[in-house]
2 protein chains.
Amino acid sequence: MPKLKDEQKLAAIQTATLRLVIRTGFSGLKIADVAREAGIGTGTMYVYYSDKEQLIEDVYLTTKKEIAAVLFDPAHLSDTFQETFKRMWLAYFGFCLQQPEKMLFVEQFLYSGLISEDLIAETEAMFIPLDNLLIQAQEQGLIKKVSVEIAKAFIQGAIHEVVKVITKKEYRLIQGELEKCFEMAWGSIKI
Amino acid sequence: MPKLKDEQKLAAIQTATLRLVIRTGFSGLKIADVAREAGIGTGTMYVYYSDKEQLIEDVYLTTKKEIAAVLFDPAHLSDTFQETFKRMWLAYFGFCLQQPEKMLFVEQFLYSGLISEDLIAETEAMFIPLDNLLIQAQEQGLIKKVSVEIAKAFIQGAIHEVVKVITKKEYRLIQGELEKCFEMAWGSIKI
DNA sequence: TTGGTTGTCGAATAAATATTCGCCTACCTT
DNA sequence: AAGGTAGGCGAATATTTATTCGACAACCAA
């Protein structure tokens, strides 16, 4: 944890890390490159992070928190489950579309084999409210009864892959296509 | 391309590469480790592959071919689109479940930023028959009309993420849960 | 203004890893 | 069996990259 250095510099480091990890993979992430991209000296990196591992873990945690905030925005709450689900789905899809580096970073790191069990547990705990929402909907007979882990994975996996294709191929969603994508997601879980 | 050395040794190298990439990420893949895991000397690695990049690209290509073979097994063809789709979906899901290393390897490499455009194009071309199948179904009004790229991404993304969760958490699909997963997939694309 | 304190820099060093290469072994061929 | 050849080995070397550290700059307090 940085003691309280220059917040702006910290943000620059995180942004640079995100960008570089996506461009070159974790393998390609060189501390010197991050420093150059962030506009600071190599040695300065070690003032903020004691090593590369800590840097990556911190970026991961920060990004996960941001995602949780997007998902659990109180404005998404509605009277019906379907409407709440739709607002959350659209918010998350929009987040991924606008900041695919963050989505990719989180995904790549989670399955890279480099992440610690503790960090996994810590970040998963942030999403328990989502589990509860889904379980409630299942009990009300609104959505299919599968393990919530599986339901979440299905929805999230579909969003991620669609966004990846859109990003990689610079595809532009045409009129009404976003709505169709949501219908696919809803069609998959509704009874 | 290996000229025609010991085929068995080649397979051992590929298996070892797959396993190690999943365990440690591309960053963690050390030629010396691959050699040890494959039961050969470090230097021998260079008889088969001139460098690490070539090794990874070859494993990727080999795996993609295997996936295409699973998907396009003639036994999957049926009179109805839904049945053909179901057989292909089940075959691919089963493949991923039984050999998650291959699924993960392919996915990680594709979005690692390390893959060349040529290799992407070469492997994508293998899956054109799938595009045609989907387009035909769209024209017959059987499935939603979205870009086939998006439809494929949606279905594949969902499968991958579900398999990842199952694998990582050592979750076991309970009675009828596989069928439910298929229903989710079908529910997402059907009109 | 000056002495001190904090933050920064990047060349120098240490560590990790890829790659080479001379030697060795096993197996042919006559 | 003797000589020859192909394939294999892994310690030695080259390269890449992380990390340290002594010198410098900016700022501040007295």
Side-chain angles (χ1 to χ4, degrees), chain A residues 1-61 105 108-109 112-116 119, chain B residues 1-61 105 108-109 112-116 119:
Chain A
M1 273 304 130
K3 291 296 178 192
L4 239 209
K5 309 277 171 172
D6 186 346
E7 278 304 319
Q8 225 167 346
K9 218 156 276 184
L10 233 194
I13 292 174
Q14 299 205 345
T15 304
T17 302
L18 235 15
R19 228 194 316 248
L20 288 172
V21 164
I22 299 318
R23 195 182 311 156
T24 64
F26 288 104
S27 42
L29 189 73
K30 288 157 218 155
I31 294 289
D33 288 351
V34 175
R36 184 158 1 92
E37 179 103 7
I40 62 176
T42 314
T44 310
M45 285 295 297
Y46 289 84
V47 173
Y48 293 86
Y49 294 103
S50 63
D51 58 23
K52 189 170 151 178
E53 191 182 320
Q54 227 192 292
L55 163 63
I56 292 176
E57 290 195 346
D58 185 48
V59 173
Y60 181 78
L61 191 56
F105 181 94
Q108 277 187 35
F109 188 48
S112 69
L114 304 169
I115 192 171
S116 74
L119 191 54
Chain B
M1 271 308 126
K3 291 293 180 197
L4 237 210
K5 310 279 170 169
D6 186 346
E7 278 303 321
Q8 225 167 346
K9 218 155 276 186
L10 234 194
I13 292 174
Q14 299 205 346
T15 305
T17 302
L18 235 13
R19 227 194 316 249
L20 288 173
V21 164
I22 300 319
R23 195 180 312 156
T24 64
F26 288 104
S27 43
L29 190 72
K30 289 158 218 155
I31 295 289
D33 287 350
V34 176
R36 183 158 1 95
E37 180 103 6
I40 63 176
T42 314
T44 310
M45 285 294 297
Y46 290 84
V47 174
Y48 293 86
Y49 295 102
S50 64
D51 57 22
K52 189 170 149 179
E53 189 182 322
Q54 227 192 290
L55 162 64
I56 292 177
E57 289 194 347
D58 186 47
V59 173
Y60 180 78
L61 191 57
F105 182 94
Q108 276 189 34
F109 189 49
S112 69
L114 305 170
I115 192 170
S116 74
L119 191 55

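Remember, it's a predicted structure, so these values are computed and weren't measured experimentally. Within every chain, numbering begins at 1; the chains are lettered A, B, ... in the order of the sequence lines, protein sequences first and strands thereafter.
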Requested in this report: Name the residue closer to the 5' end of DNA chain D, choosing between Thr44(A) and Thr44(B) according to the nucleotide with the nearest heavy atom.
Outcome: Thr44(B)
Report task. Take atom NZ of Lys52(B) and atom P of dT19(C), then tell me their distance rounded to the nearest Å. Result -> 8 Å
Requested in this report: Rounded off to whole Å, could you give me the CZ-to-P distance for the Arg36(A) and dA18(D) pair?
Outcome: 12 Å
Query raised in the report: Between atom CD in Glu53(B) and atom P in dT17(C), what is the gap in whole Å?
Result: 19 Å
Requested in this report: Answer yes or no: is there a side-chain heavy-atom contact under 4.5 Å between Val59(A) and Phe109(A)?
Outcome: no
**Report entry** Nucleotide of dC9(D), dT17(D), dT19(D) approaching Ile40(B) most closely (side-chain heavy atoms)
**Finding:** dC9(D)
Query - For atom NZ of Lys30(A) and atom C1' of dT17(C), their distance in whole Å - result: 14 Å
Query raised in the report: Are any non-hydrogen side-chain atoms of Leu29(B) and Asp33(B) less than 4.5 angstrom apart?
Result: no
Query raised in the report: With a 4.5 Å limit on heavy-atom distance, are the side chains of Val47(B) and Lys9(B) in contact?
Result: no
Query - Atom-pair distance (CD1 on Ile31(B); P on dT15(D)), nearest Å - result: 17 Å
Report task. Please tell me which of the listed nucleotides, dT19(D), dA18(D), dG10(D), lies nearest to the side chain of Thr42(B)? Result -> dG10(D)
Query raised in the report: Once you round it to whole Å, what is the distance between P of dG7(C) and CG of Leu10(A)?
Result: 13 Å
Query raised in the report: Do the non-hydrogen side-chain atoms of Phe26(B) and Thr24(A) ever get within less than 4.5 Å of each other?
Result: no
Query raised in the report: Over how many whole Å does the gap from Tyr46(A) atom OH to dA14(C) atom C1' extend?
Result: 11 Å
**Report entry** Min side-chain heavy-atom separation Lys52(A)-Val34(A) under 4.5 Å
**Finding:** no
Report task. Look at all strands and tell whether Leu55(A) reaches a base, only sugar-phosphate, or nothing, counting heavy atoms closer than 4.0 Å. Result -> nothing
Query - Nucleotide nearest Tyr48(B) when distance is taken to its side chain, options dT8(C), dG8(D), dT19(C) - result: dG8(D)
Requested in this report: Take the protein atom CD of Gln54(B) and the nucleotide atom C1' of dT19(C), then report the distance between them rounded to whole Å.
Outcome: 14 Å
Query raised in the report: Val47(A) side chain: which of dT8(C), dG8(D), dC9(C) is closest?
Result: dT8(C)
Query raised in the report: Lys9(B) has a side chain; which of dT19(C), dA18(D), dG8(D) sits nearest to it?
Result: dG8(D)
